[in-house]
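Numbering of ligands and ligand atoms starts at 1, following listing order. Keep in mind that the numbers below use all heavy atoms, side chains included, and drop hydrogens, waters and symmetry copies. The residues of the chain are indexed from 1 along the displayed sequence.
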Amino acid sequence: MEKIIFEKIIDGEIPSYKIYEDEHVYSFLDVFPITKGHTLVIPKKHSRNIFDCDPEVAANIGRVLPKIANAVKNAYGCDGVNIFQNNEEYAGQSVFHLHFHIVPRYKNKDTNFDNLEIKWPPQKIESDEFKEIQQTIINNIK
Ligand code: 5GP
C-alpha cells in the first residue's frame with residue numbers, strides 16, 4: 001500500500017523542515033503555513049485520525065504539544081496560539097495521518113501573514129436539549 005505523505009516525511013523519504021523528533025513523535029513546519037511558524041505535530045505510529053488513535057499515541061502527542069507550542073510562541077513572541085486538529089474530509093482533513101496544527105496568532109498581521117479568521121457562530125439551545133445531548137454522548141463513551 002502506498003505510504004501517506006506524512007509517513008514518507010517520518011521515514012525521511014521526502015524532506016521536511018524538522019522542528020522536533022523523539023521515539024514516538026515528529027514535528028515539522030507546514031509547507032503551506034497559515035501564519036508564520038505554523039507547525040505540525042504527528043505520531044510516528046499511524047492513525048488515520050482521532051477516531052482510531054490509541055491512548056498511548058494520544059499521550060505521546062499530548063506530552064509534546066506544550067513543548068512545541070511554547071517554542072513557537074517564544075520564537076516570535078506571537079500573541080496567541082491555536083491548536084487545530086481535523087478529522088475526516090468534511091471536517092477539513094486532507095492528509096489521513098493524525099496530525100495537530102500549532103498555529104501562532106499575531107496582532108501584527110502584516111509581517112506574520114496572519115489572515116486567519118475563525119468563525120464560531122454560537123447557537124442557543126434549551127436545557128432539555130442540553131440534557132438529551134449530554135446523555136446521548138455519555139451513553140456512547142466506551
Ligand atoms: P489537514 O487539512 O489534513 O488538517 O492538514 C494537512 C496539512 O498538511 C496542510 O496544512 C498542508 O499544508 C500540510 N501538508 C500537506 N502536504 C505536506 C507536505 O508534503 N509537507 C508539509 N510540510 N506539509 C504538508
Check against ring-ring contact (aromatic ring centres under 6.0 Å, His included), H99 and H97: CA-CA 6 Å; H99 55 279; H97 179 103; 8.0 Å; no
When R105 is tested against each of N82, T35, D79 for side-chain hydrogen bond (donor to acceptor under 3.5 Å, both in side chains), which residue passes? N82
Using a 3.5 Å cut-off on N/O to N/O, what pairs does ligand 1 make with the protein? A line per pair would be great.
{"unit_1": "ligand 1", "atom_1": "2 (O)", "unit_2": "G92", "atom_2": "O", "d": "2.8"}
{"unit_1": "ligand 1", "atom_1": "2 (O)", "unit_2": "S94", "atom_2": "N", "d": "3.4"}
{"unit_1": "ligand 1", "atom_1": "2 (O)", "unit_2": "S94", "atom_2": "OG", "d": "2.9"}
{"unit_1": "ligand 1", "atom_1": "3 (O)", "unit_2": "S94", "atom_2": "N", "d": "2.6"}
{"unit_1": "ligand 1", "atom_1": "3 (O)", "unit_2": "S94", "atom_2": "OG", "d": "3.2"}
{"unit_1": "ligand 1", "atom_1": "3 (O)", "unit_2": "V95", "atom_2": "N", "d": "3.0"}
{"unit_1": "ligand 1", "atom_1": "3 (O)", "unit_2": "H99", "atom_2": "NE2", "d": "2.9"}
{"unit_1": "ligand 1", "atom_1": "4 (O)", "unit_2": "N86", "atom_2": "ND2", "d": "2.8"}
{"unit_1": "ligand 1", "atom_1": "4 (O)", "unit_2": "H99", "atom_2": "NE2", "d": "2.8"}
{"unit_1": "ligand 1", "atom_1": "4 (O)", "unit_2": "H101", "atom_2": "NE2", "d": "2.8"}
{"unit_1": "ligand 1", "atom_1": "5 (O)", "unit_2": "H99", "atom_2": "NE2", "d": "3.0"}
{"unit_1": "ligand 1", "atom_1": "5 (O)", "unit_2": "H101", "atom_2": "NE2", "d": "3.2"}
{"unit_1": "ligand 1", "atom_1": "10 (O)", "unit_2": "D30", "atom_2": "OD1", "d": "3.3"}
{"unit_1": "ligand 1", "atom_1": "10 (O)", "unit_2": "D30", "atom_2": "OD2", "d": "2.5"}
{"unit_1": "ligand 1", "atom_1": "12 (O)", "unit_2": "D30", "atom_2": "OD1", "d": "2.5"}
{"unit_1": "ligand 1", "atom_1": "22 (N)", "unit_2": "L29", "atom_2": "O", "d": "2.9"}
{"unit_1": "ligand 1", "atom_1": "22 (N)", "unit_2": "V31", "atom_2": "N", "d": "3.3"}
{"unit_1": "ligand 1", "atom_1": "23 (N)", "unit_2": "V31", "atom_2": "N", "d": "3.3"}

Min side-chain heavy-atom separation D22-Y20 under 4.5 Å: yes
Side chains of K8 and E2, heavy atoms from C-beta outward: is any pair under 4.5 Å? yes
Listed pairs under 3.5 Å, donor-acceptor, residues 57-73 side chains, sequence neighbours left out:
{"unit_1": "N60", "atom_1": "OD1", "unit_2": "R63", "atom_2": "NH2", "d": "2.5"}
{"unit_1": "N60", "atom_1": "ND2", "unit_2": "E56", "atom_2": "O", "d": "3.2"}
{"unit_1": "N70", "atom_1": "ND2", "unit_2": "P66", "atom_2": "O", "d": "2.9"}

Group every Ile, Leu, Val, Met, Phe, Trp and Tyr by side-chain heavy-atom contacts under 4.5 Å, then state whether F28 and V41 land in the same group. no
